[in-house]
Amino acid sequence: MNESVVGGPERTSPQVYVVAIFMVGFHIACLGVFFVGFSWTAFACAVAMYVIRGLGITGGYHRLLAHRSFKASRPVQLMFALAGSLAVQGGPLWWVAHHRSHHRDTDSVNDIHSPVTKGFWQSHMGWMMTNEAFNEKGANARDLHKFPELKLLQRYYAWLIFAEILLVYLFGVALSYFFSDLGTTGLQILVWGFFVSTVFTWHTTFMVNSVCHTWGSRPYPTGDASTNNLLIGVLAFGEGWHNNHHMFPLSSRHGLVWWQLDITYWMLRGLEKLGLVSDLKLPKFARPTESA
Ligand SMILES: [Zn+2]
Ligand SMILES: [Zn+2]
């Protein structure tokens, strides 16, 4: 994983080991399903956590914070950022800075997670276990530093995750105590609601970087390898229309034709109707030049 630099090999950052241990550990924790068993209650918790945190990443981290593709009040922005933070994909300023670098350097040697220049594994998750991932100090996210609440989320991100783990477990304990008919336990809710849900959300997000720069259609000549991919479009709440997104990065809508399901956009439209978000940006020319 070490990158060679002039003057000799660079020492691997301790953070690389920490991330690697956590990423492997979270996957192993998912095997806990064979020990804690299944209940529909635990499954429902996993789905709910997937939806809330997934939309926190797509609507919050990505479309709001990284691209400013719509407007939201400070409290609404904080709720989006909090939901994104709980997805265990790094603090908001770090995530946004890396994502903006990806748009700036798409599929070039400077793109830290391009499958074209770095390989599939590196683009999927390997990049988070390199020194480069932690050299990013958030310079690309300076505009967000005017929001102290986002800086706090970034600073106390690790504590937030520990609190989340504890709260999910305690929620499961409370369910088993007060609603024993549901047949669940604290550990079962923790494994399904937190670990399985987190790892599933991880891979759907990571596939936007790996799969959506490898397989799919390219209706727009964006000059990079970005693709539209139906499977990721559905699983990642609209983020799989990634060629559209590289063409119109400021658009709050990624699915640009009627059949390109874009759950995030429809959520934003719903929030707009409720008066919680506004000024949803759309491309002037919103249809692909050829069939997607
Ligand atoms: Zn991309
Ligand atoms: Zn983007």
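Read the numbers this way: they start at 1 and go in the same order the structure lists the ligands and their atoms. Every heavy atom of this structure was used, including side-chain atoms; hydrogens, water molecules and symmetry mates were not.
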I'd like the atom name of the N/O/S atom in H62 lying closest to the Zn ion (ligand 2). NE2

Evaluate whether atom CZ of R104 has more than 12 neighbouring non-hydrogen atoms of other residues, nucleotides or ligands under 6.0 angstrom away. yes

Heavy-atom neighbours of K71 NZ exceed 12 at 6.0 Å: no

Take the Zn ion (ligand 1) and tell me which protein N, O or S atoms are nearer than 2.8 Å. H102 NE2, H213 NE2, H242 NE2, H246 NE2

Is F171 atom CZ crowded by more than 12 heavy atoms from other residues, nucleotides or ligands, each under 6.0 Å away? no

Crowded around F38 CZ? As in, over 12 foreign heavy atoms under 6.0 Å? yes

Tell me which N, O or S atom of H99 sits nearest to the Zn ion (ligand 2). NE2

Salt-bridge contact R100-D105 (side-chain N to carboxylate O under 4.0 Å): no

Any link between F26 and V24 through a network of hydrophobic side chains (Ile, Leu, Val, Met, Phe, Trp, Tyr) touching at under 4.5 Å? no

Would you say F120 has more than 12 foreign heavy atoms packed within less than 6.0 Å of its CZ? yes

